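To keep things clear, I will list the structure first and then write my remarks on it.
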Amino acid sequence: MDESRQSATTEISFMHKDEKQKKPEKKKNRRQIIIMICVIAVTLSVGWIGGSVLPMKGTMQLRQILHSFFGSSSGDKIDTVLDIMENDWYFAGDIDDIDQRLTDQALTGITTNDEDPHTAYFSKEESDSFTDSINRSYTGIGVEVDTSSDTFVITRVIPNSPAEEAGMMAGDILRAVDGRRIEGMAFSAVRKLIVGKEGTSVTVTAERDGREVDFTMKRKEVSDTVKAEMADDDTVYLQLYQFGQDTASDTKSELESLIGDKDSVSMILDLRNNGGGYLESVQALASLFIDKGDTVLKEEFADGTSSTTKAAGGKLTNIHNIVILVNDETASAAEVMTLALKQNRDDVTIVGNTTYGKGTVQQTVTFKDGTALHYTVARWLPKNGKWVNGKGITPDEEVDLPDALTSSAAEMKEDQTCQYDDVADPVKSAQKYLAYLGYDVDRRDGYFSKATETALKQYETDHSLSSDGILSYDDYSSLYSSVLHDWTMSKTHDTQYNRAMEILNQ
């Protein structure tokens, strides 16, 4: 039995004969104890009031002495620690809302565990950001940025966004916002400069081909979870970035508009880098491609109960032959979607790399102050009952992308240079980028060979850079930018997409 329960338990016992004889003496001792308790209670009250309302040095010391002398029951541990941190902690005065800070930290600790990385407590800001990330909606300019290094390169410009209308492109390097240079800033700080109230203006300075260009835009609500287009006359390319609230309805509208009255079309469903989303969205989307009543997924809960989610109807009957593109960032709801189509149709081929393997379902409880608890409520299983958690989905055809796209970019410092006969990680990355872009390099191991020097000189000449064959920070950033621009604007190097087209045209 723990101490907190013992303190609330009444103990009953019989009194021994010898103890009766000592009763008068005990009464005297009891009076002294009561007096001492009263003195301590008064002292404690003064110390408490002084420490909480007017935290003077003397009262703080008194509080510390009392805490040390009497200790604290383990049942009151949390309250005691909060009290000490709010009133006696030296740095408490430096924090505007110490109570909220400590509450957030405590709840974060409670929900953080090794068994389940997907359960978490969100502050109000984190909760808002989480919801926006699923719905891919926010008020800003409409760009996606690579945040893996200190150089913020735009990886994608969202269609119909202020950025697209202003002429920004994938591969542009962010250099300043409203005249404020952003080198060395954390991306969270950069993001705060870019997002803002709808209708307000922002000027973003970006580097393109070694020159800086200013783009002035008015912020607006940007939402982007689906992209659909015709790959050729008989093939639809559907890319789902997330399973948000409006993804299913947007997808249906896009497909019906593209397909029209065509009797039969094939489809490439691109779920690469799709991290999941809402269960209702998955059900609605799967219903567009499988028969009513087909199993989308089964959920098993902690109490042993289970439920099965089935397709609701509304299947698009003129889509035949589907290739689903996946990679190691295809997770959760995207994996549900993949297996729902694969296990309910006989014309589905999965191409790419083994998926992430997230086989659990989360629920979010939002509190009145905007904070939220995002916690695991169940595990999900596909139609065949095999749990993918930690294993992922193995594609029917394993196809890798060029290593320039899948390997991490080595860090290069602004004052760093590399030249012939050097061996360095930035050289290794630069060699991959040069090869991707079609320049002739003889190796990709980080040794700066003569062939690497010649290829770099040609690239520098083609992009109006200093043509000295020495790899500088500007050269390196430009190479990385060029790769991202090519990847976004062209399917030439998308080996997974190209294999999908081959399968559908067989």
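None of the values given here were measured: they were computed from a predicted structure. All heavy atoms count here, side chains included; hydrogens, waters and symmetry mates do not.
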Any donor-acceptor N or O pair under 3.5 Å, side chains [X], [Y]:
| X | Y | result |
| --- | --- | --- |
| Q100 | D104 | yes |
| T235 | D232 | yes |
| Y473 | T417 | no |
| T330 | N274 | no |
| S306 | E300 | no |
| D303 | T305 | yes |
| Y436 | D486 | yes |
| S449 | R443 | no |
| D250 | T247 | no |
| H320 | S264 | yes |
| T364 | H374 | yes |
| K383 | N344 | yes |
| N353 | D400 | yes |
| D270 | Y237 | yes |
| D462 | Y439 | yes |

I'd like to know if [X] and [Y] make a salt bridge, using a cut-off of under 4.0 Å between side-chain N and carboxylate O.
| X | Y | answer |
| --- | --- | --- |
| K220 | E165 | yes |
| D494 | R272 | yes |
| D178 | R180 | no |
| E460 | K457 | no |
| K315 | D291 | yes |
| K413 | D415 | no |
| R181 | E212 | yes |

Could you tell me how the ring of Y476 sits relative to the ring of Y433: parallel (under 30°), tilted (30 to 60°) or perpendicular (over 60°)?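 Plane angle between 30° and 60°, so tilted.
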Tell me every residue that passes side-chain contact (heavy atoms from CB on, under 4.5 Å) with R101, counting only those two or more places apart in sequence or in another chain.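 Checked R101 against side-chain contact (heavy atoms from CB on, under 4.5 Å); matches are I95, Q105.
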Side chain proximity check, R156 to I158, heavy atoms < 4.5 angstrom: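 R156 vs I158: side chains touch.
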Beyond-backbone contact of M337 with L285, side-chain heavy atoms, under 4.5 angstrom: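 Yes. Closest side-chain heavy atoms under 4.5 Å.
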Around atom CE of M489, are there more than 12 heavy atoms from other residues, nucleotides or ligands closer than 6.0 Å?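 No, because the 6.0 Å sphere around CE of M489 holds 12 heavy atoms or fewer from other groups.
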CD1/I290 to OG1/T295 distance, rounded to the nearest 0.5 angstrom?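 Going from CD1 on I290 over to OG1 on T295, the span is 8.0 Å.
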Could you walk me through whether D445 and Q431 pass the side chain to side chain contact (heavy atoms under 4.5 Å, CB included) check? CA-CA 8 Å; D445 58 0; Q431 289 169 333; 4.3 Å; yes
Would you kindly check if the NZ (Lys) or CZ (Arg) of R175 is within the cone defined by 45 degrees around the ring axis of F152 and under 6.0 Å from the six-membered ring centre?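 Ring-cation test returns no.
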Which residue, T119, V377, L279, T376, forms the side chain to side chain contact (heavy atoms under 4.5 Å, CB included) with Q363?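 Per the side chain to side chain contact (heavy atoms under 4.5 Å, CB included) rule, the option paired with Q363 is V377, out of T119, V377, L279, T376.
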Can you confirm whether or not the ring centre of F243 sits under 6.0 Å from the ring centre of Y278?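 No - the distance between ring centres of F243 and Y278 does not fall below the 6.0 Å cut-off.
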